[in-house]
Amino acid sequence: MQVVITGANRGIGQALDQRYRARGADVTGTSRKGGEFVTLDVTDPASFSGLTRALDSRPVDLLVCNAGVYLDKGESLADGYPAQMWADTMAANVTGVFLTVQNLLANLQLAGAPKIAILSSIMASDERAPGGSYIYRASKAATLNLGRNLAADLRHIGIAVGIYHPGWVTTDMGGAAADIGVDESADGLVARFDALSLETTGCFLSYDGTPIAY
């Protein structure tokens, strides 16, 4: 089984990387800084050449689009949320997902029952709008929309797409006050990815399997 995980150098991505390796999967993890991972900046189209070379036209059974940023914590509505922060967040959280799928589409089509797992957030839901974090919320809503439309377009070629909320997790992004640990989130996500199929493509689920309203 060939698994590709973007943003695998820390947090949830790292935990997923470890779990699939423990299963015996052939895992290709990416990181902007490289190191033990394939160097990939999902916001830079030219950066994908290194990933495609590393995969060497091998089938990809599972693509996990995990890389993302949360840049607008603590921003003030009165004088915060600068335009560049909007651009940087959308580039990573939305365009980055699209570019990843687009660049690995040929590899996915070589697999028997390929899957794409996109990490969004419950903050993407229109029914969960308590205010604040405008940029992150908007980017994750766009990611959800992207995933739903990819599910519609890729179903006919046999690629299932799921969109997932990893929980509020104690990572650098989630902070120390979060609800759950990385291990609980990763275990739940792996179970969700296992269950993903063409019958459930387009699903928007929490790590524990709870459906989330769009």
A.B. asks: So, taking the atom named CG in Leu119 and the one named CG in Leu144, what distance separates them when rounded to the nearest 0.5 Å?
C.D. replies: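 Going from the CG atom of Leu119 to the CG atom of Leu144 covers 12.5 Å.
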A.B. asks: Do we get Lys33 above Phe37's six-membered ring, with its NZ or CZ under 6.0 Å from the centre and within 45° of the axis?
C.D. replies: no
A.B. asks: Answer whether the closest heavy-atom distance between the side chains of Val60 and Leu55 falls below 4.5 Å.
C.D. replies: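 The answer is yes, as the side chains (C-beta and beyond) meet within the 4.5 Å cut-off.
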A.B. asks: Is Ser206 close to Arg192 at the side-chain level, that is, under 4.5 Å between some pair of heavy atoms?
C.D. replies: no
A.B. asks: Provide the closest heavy-atom pair for Val3 versus Ala25 in the form atom of the first, atom of the second, distance.
C.D. replies: CG2-CB, 4.1 Å
A.B. asks: Side chains of Arg128 and Ile212: closer than 4.5 Å at any heavy-atom pair?
C.D. replies: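 Arg128 does not reach Ile212 side chain to side chain.
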A.B. asks: Considering all heavy atoms of both residues, which atom of Val38 and which atom of Ala54 are nearest to each other, and what is their separation?
C.D. replies: CG2-CB, 3.9 Å
A.B. asks: Among the clusters formed by ILVMFWY side chains lying less than 4.5 Å apart, do Val161 and Leu198 turn up in the same one?
C.D. replies: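 Unlinked, Val161 and Leu198 end up in two clusters.
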A.B. asks: Under the 3.5 angstrom rule, does the side chain of Arg19 hit a backbone N or O of Ala15 as a donor-acceptor pair?
C.D. replies: yes
A.B. asks: Can you check whether Thr100 reaches Phe48 side chain to side chain, under 4.5 Å on heavy atoms?
C.D. replies: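 Answer yes - side chains close enough.
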A.B. asks: Taking Ile116 as the fixed residue, which of Leu150, Ile159, Leu196, Ile163 is the one that meets the side-chain contact (heavy atoms from CB on, under 4.5 Å) rule?
C.D. replies: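 With Ile116 as partner, side-chain contact (heavy atoms from CB on, under 4.5 Å) holds for just one option, Ile159.
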A.B. asks: Say whether, by atom type as modelled, one donor and one acceptor occur between the side chain of Asn66 and the main chain of Thr6 under 3.5 angstrom.
C.D. replies: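 Indeed, once roles are kept as given, a pair shorter than 3.5 Å links the two residues.
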A.B. asks: Does a side-chain heavy-atom distance below 4.5 Å link Ile135 with Tyr70?
C.D. replies: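 Not in contact.
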A.B. asks: For Ile12 versus Pro166, what's the shortest heavy-atom pair and its separation?
C.D. replies: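 The pair with the smallest heavy-atom distance is CD1-CB, 3.5 Å.
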A.B. asks: Please check: side-chain N/O of Gln2 versus main-chain N/O of Asp26, any donor-acceptor pairing under 3.5 Å?
C.D. replies: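 Between the backbone of Asp26 and the side chain of Gln2 there is a qualifying donor-acceptor contact (under 3.5 Å).
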A.B. asks: Are Tyr214 and Ile122 connected, step by step, through hydrophobic side chains (Ile, Leu, Val, Met, Phe, Trp, Tyr) whose heavy atoms are closer than 4.5 Å?
C.D. replies: yes
A.B. asks: Is it the case that the side chain of Arg148 and the backbone of Asn145 share a donor-acceptor pair, with hydrogens and angles ignored and the cut-off at 3.5 Å?
C.D. replies: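 No.
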A.B. asks: For the backbone of Val182 and the side chain of Ser185, can you confirm whether one donor and one acceptor N or O come within less than 3.5 Å of each other?
C.D. replies: no
A.B. asks: Taking the basic N atoms (NZ, or NE/NH1/NH2) and the acidic carboxylate oxygens, is any pair closer than 4.0 Å for Lys115 and Asp194?
C.D. replies: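 So Lys115 does not pair with Asp194 through a salt bridge.
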A.B. asks: Kindly indicate whether the side chain of His165, heavy atoms from C-beta on, has any atom under 4.5 Å from the side chain of Thr210.
C.D. replies: no
A.B. asks: Could you give the distance from SG (Cys65) to CG (Leu104), rounded to the nearest 0.5 Å?
C.D. replies: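 Here the rounded value is 8.0 Å.
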A.B. asks: Measuring from Thr143:OG1 to Tyr164:OH, what's the distance to the nearest 0.5 Å?
C.D. replies: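 One finds 15.0 Å between OG1 of Thr143 and OH of Tyr164.
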A.B. asks: If you measure from CG on Leu108 to CG on Leu154, what distance do you get to the nearest 0.5 Å?
C.D. replies: 8.5 Å
A.B. asks: Using a 3.5 Å distance criterion without hydrogens, assess whether the side chain of Arg21 forms a donor-acceptor pair with backbone atoms of Val27.
C.D. replies: yes
A.B. asks: Applying the 4.5 Å side-chain criterion to the ILVMFWY set and letting contacts propagate, would Leu189 and Met1 be lumped into a single cluster?
C.D. replies: yes
A.B. asks: Working to the nearest 0.5 Å, report the span between CG of Leu110 and OG of Ser57.
C.D. replies: 7.5 Å
A.B. asks: Is the backbone of Gly34 close enough, under 3.5 Å, to the side chain of Asn9 for a donor and an acceptor to pair up by distance?
C.D. replies: no
A.B. asks: Between atom OG of Ser31 and atom CG of Asp41, what is the distance when rounded to the nearest 0.5 Å?
C.D. replies: 10.0 Å
A.B. asks: Check Thr201 against Ala151 and note the closest heavy-atom contact, atom names and distance.
C.D. replies: OG1-CB, 3.5 Å
A.B. asks: Less than 4.5 Å apart, any side-chain heavy atom of Leu16 and any of Val190?
C.D. replies: yes
A.B. asks: Please report the closest heavy-atom contact between Gly29 and Ala8, naming both atoms and the distance.
C.D. replies: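 Scanning both residues completely, I find the closest heavy atoms to be CA-CB, 3.7 Å.
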A.B. asks: Can any side-chain N or O of Thr43 pair as donor or acceptor with the backbone N or O of Ala91 at less than 3.5 Å?
C.D. replies: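 The answer is no, because no donor-acceptor pair under 3.5 Å joins these two groups.
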A.B. asks: Look at the aromatic rings of Tyr81 and Tyr134 and report parallel, tilted or perpendicular, splitting at 30° and 60°.
C.D. replies: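 Correct class here is perpendicular.
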A.B. asks: Any side-chain heavy-atom pair from Val101 and Leu146 closer than 4.5 angstrom?
C.D. replies: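 Contact flag for Val101/Leu146 side chains = no.
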A.B. asks: Go through the side-chain N and O atoms of Glu127 and Ser125 and say whether any donor and acceptor fall under 3.5 Å apart.
C.D. replies: no
A.B. asks: Which pair of non-hydrogen atoms, one from Ala142 and one from Val94, has the smallest distance, and what is that distance?
C.D. replies: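 Closest approach of Ala142 to Val94: CB-CG2, 3.7 Å.
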